[in-house]
Amino acid sequence: MKQALIILAAALLLASIRPAAATAAPYEGYVYSWWGEAVHSPIAYLPSRSITGQEAGGEPWAAANDLFAAADGSLYVLDSGSGTITVLDREWQIKDRIGAFEQDGAPDSFRNPEGLFVTPSGHIYVADTDNSRIVELGPGGEFVREIGAPQSDVLSAGFTFFPRKVIVDKAGRIYVIARGVFDGIIEFDSDGVFTGFMGTNRVAFDPIDLFWKTVSTQEQRDKMIRFVPIEFNNLALDGEGFIYTTTADRTSLSPVKRLNPSGIDVLRVTDAYLPPIGDYARVRSTFVDIDAVGSGVYRTLDSTRGRVFTYNEDGSLLYVVGGLGNQRGTFRNPVSLANHGDRLLVLDRDLGRITEFAPTRFGELVNEANALYAGGKHHEAAELWQEVIQLDANYEMAYVGIGKSLLRQGEFKQALTYLKLGNDRIYYSKALAKYRREYMQENFGFYMTILLATLLAILIGRGLVRRQRKEAKAHAVTQGS
């Protein structure tokens, strides 16, 4: 009996210290190899919490369309259905709800607004779509001004203004994406005066259609599809004042742009074979939102498969988060994303829900290593990339990061090994050229000695052969006489 009690106690003790079963992730992590193949990767972010309008203590979000995370941790949720803005504090409690406001003493409200932006001073800019205007509100929700349709001779007589998204830079310039506008981003100065368009997309056309347009009559050409630029569908501002944009065209190899103040695309894409287009599948990704994180990192939201793709300043994919589904951490109709600190936030329109994602150890290592590398701290980054490899031996970017660090340290031979594993052909060629030069410098004396010895041996050999021939010829002459 005593022995049985001891065995039972031991079993209970083992059961109590046994680690709990790991919770299955609602989606799989992956990246793309140099060959364009999806490769399994550890999960970089996992859902940490989520909330609906009702759970926050307010009304359900019937048609939430945009999300903005302020520097103080406040969240602004724009509900197009009710025409209201819900402001949540850091603890996700309702701080304010902005709907109706007064303009010149008269009541006013939004009508199907689709986008909002909050300045560091707390001023709220709303793309009031069906009212054809941009509305600026003060930090307390009080009306400040409205900006109507742009006025200019360059606009057609039938121009209609339906603003969808809006951002404001540090100088107070206002940039607007409007429905049906193919000329680019509409730019207003700080006084709300229209100054022009910027960043127009190139015209996309089918060569076959172009041929038929060339040989057709004017009447036939009028009935054909016209070649027009692709319109932008979202935009974001980074800390350096550059504007990131997205388009919803699945056939484009450049759905993401980074525009400088002159409207020129300066987005870096190191690997032309794997540009930032989301999934490399038969049905391509459709980007509906973008956000700049910092250190050149940006995130895009794909509505086709409900995934968030995170890229670094070179356009290389760091990791993928999310997916379509009904589990926590998956979405039905994701429409907006935001970042606050190390947290990722995604707004689902159909579910009327915000989901927050926190980084795993793998995600933390990748984020920190990439930030160190972008900041020029290559040696410190390489140490973290080594830890990343311990978690994912197939993570090519970690090998590239270590290889570049070794290249900078002059360890060319070791750099070759890592750059080959990372499939970085450009830096592998650079490392190989430097290694050849170093090798030849270190072994120049040895090889020159061998070369000179070889030449000397050849000369001596030739001399001996000539001497033997002369002796043989002289001996033959002597014998003949």
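These numbers come from a predicted model, not from an experiment.
For the pairing with Val256, the side-chain contact (heavy atoms from CB on, under 4.5 Å) check across Tyr311, Phe309, Phe287 returns one residue only, Phe287.
For Thr52 (side chain) and Gly352 (main-chain N/O), no donor-acceptor pair under 3.5 Å exists by modelled atom type. Looking at Asn367, its side chain does come within 3.5 Å of a backbone N or O of Gly363 through a donor-acceptor pair. Listed for the Asp289 side chain is a donor-acceptor partner under 3.5 Å among the backbone atoms of Leu337. Panel note: side chain Thr247, backbone Phe232; no donor-acceptor pair is recorded below 3.5 Å. The backbone N or O of Val288 lies less than 3.5 Å from a partner atom in the side chain of Asn234, making a donor-acceptor pair. Not one N or O on the side chain of Asp66 forms a donor-acceptor pair closer than 3.5 Å with the backbone of Leu78. No side-chain donor-acceptor contact under 3.5 Å links Ser405 to the backbone of Gly401. When atom types are taken as modelled, the side chain of Ser336 and the backbone of Leu67 share a donor-acceptor pair closer than 3.5 angstrom.
Between Glu37 and Tyr32, the closest side-chain pair of non-hydrogen atoms is not below 4.5 Å. Counting only heavy atoms from C-beta outward, the side chains of His340 and Leu75 never approach each other to under 4.5 Å. Taking the side chain as every heavy atom from C-beta outward, Tyr125 and Thr119 approach each other to under 4.5 Å. A 4.5 Å side-chain heavy-atom check between Ser41 and Phe362 finds at least one atom pair inside the cut-off. At least one side-chain heavy atom of Asn312 sits under 4.5 Å from a side-chain heavy atom of Met397. Residues Glu396 and Val39 have side chains not in contact (no heavy-atom distance under 4.5 Å, counting atoms from C-beta outward).
Arg332 CZ: 12 or fewer foreign heavy atoms inside a 6.0 Å radius. Counted within 6.0 Å of CZ on Arg436, heavy atoms from surrounding residues, nucleotides or ligands total 12 or fewer; the atom is thus considered open. Around atom CD1 of Ile426, no more than 12 heavy atoms belonging to other residues, nucleotides or ligands sit under 6.0 Å away. For CD of Glu380, the number of neighbouring non-hydrogen atoms (other residues, nucleotides, ligands) closer than 6.0 Å is greater than 12. Within a 6.0 Å radius of CZ in Arg425, more than 12 heavy atoms belonging to other residues, nucleotides or ligands are found.
Between the side chains of Thr129 and Asn112, no donor-acceptor pair of N or O atoms lies under 3.5 Å. Between the side chains of Asp189 and Thr195, no donor-acceptor pair is found at a separation under 3.5 Å. No hydrogens or angles considered: a donor-acceptor pair under 3.5 Å links the side chains of Thr304 and Thr286. A donor atom on one side chain and an acceptor atom on the other are found under 3.5 Å apart for Thr246 and Asn233. The closest side-chain donor-acceptor pair between Tyr244 and Asp291, if any, does not fall under 3.5 angstrom. A donor-acceptor pair shorter than 3.5 Å cannot be found between the side chains of Asp314 and Ser316.
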Under 3.5 Å, side-chain donor or acceptor atoms of residues 168-182 against the rest of the protein: list the pairs with distances, not counting sequence neighbours.
from, atom 1, to, atom 2, distance (Å)
Asp169, OD1, Ala171, N, 3.0
Asp169, OD1, Gly172, N, 3.0
Asp169, OD1, Arg173, N, 2.8
Asp169, OD2, Arg173, NE, 2.9
Asp169, OD2, Arg173, NH2, 3.1
Asp169, OD2, Tyr175, OH, 3.3
Lys170, NZ, Gly239, O, 3.4
Arg173, NE, Tyr175, OH, 3.1
Arg179, NH2, Glu114, OE2, 3.2

Start with the C-alpha distance between Glu55 and Arg353, add both sets of side-chain angles, then the distance that settles side chain to side chain contact (heavy atoms under 4.5 Å, CB included), and finish with yes or no. CA-CA 9 Å; Glu55 291 170 349; Arg353 177 182 294 276; 3.6 Å; yes
Could you check Tyr428 against Asn423 for side-chain hydrogen bond (donor to acceptor under 3.5 Å, both in side chains), going step by step and ending with a plain yes or no? CA-CA 8 Å; Tyr428 182 86; Asn423 281 309; over 6 Å; no
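Rounded to the nearest 0.5 angstrom, Leu347 CG and Phe331 CZ are separated by 10.0 Å. Going from atom CG of Leu407 over to atom CZ of Phe412 covers 6.0 Å, rounded to the nearest 0.5 Å. Here the OG1 atom belonging to Thr84 is positioned 4.0 Å from the CZ atom belonging to Arg97, to the nearest 0.5 angstrom. Atom CG of Asn65 and atom CZ of Arg164 lie 8.0 Å apart (nearest 0.5 Å).
In this structure, Arg299 is positioned above the aromatic face of Tyr45, its NZ or CZ under 6.0 Å from the six-membered ring centre and within 45° of the axis.
Salt-bridge check for Glu240 with Arg258: passed, with a basic side-chain N closer than 4.0 Å to an acidic carboxylate O.
Scanning both residues, Tyr298 and Gly296, for their nearest heavy atoms gives CD2-O, 3.6 Å.
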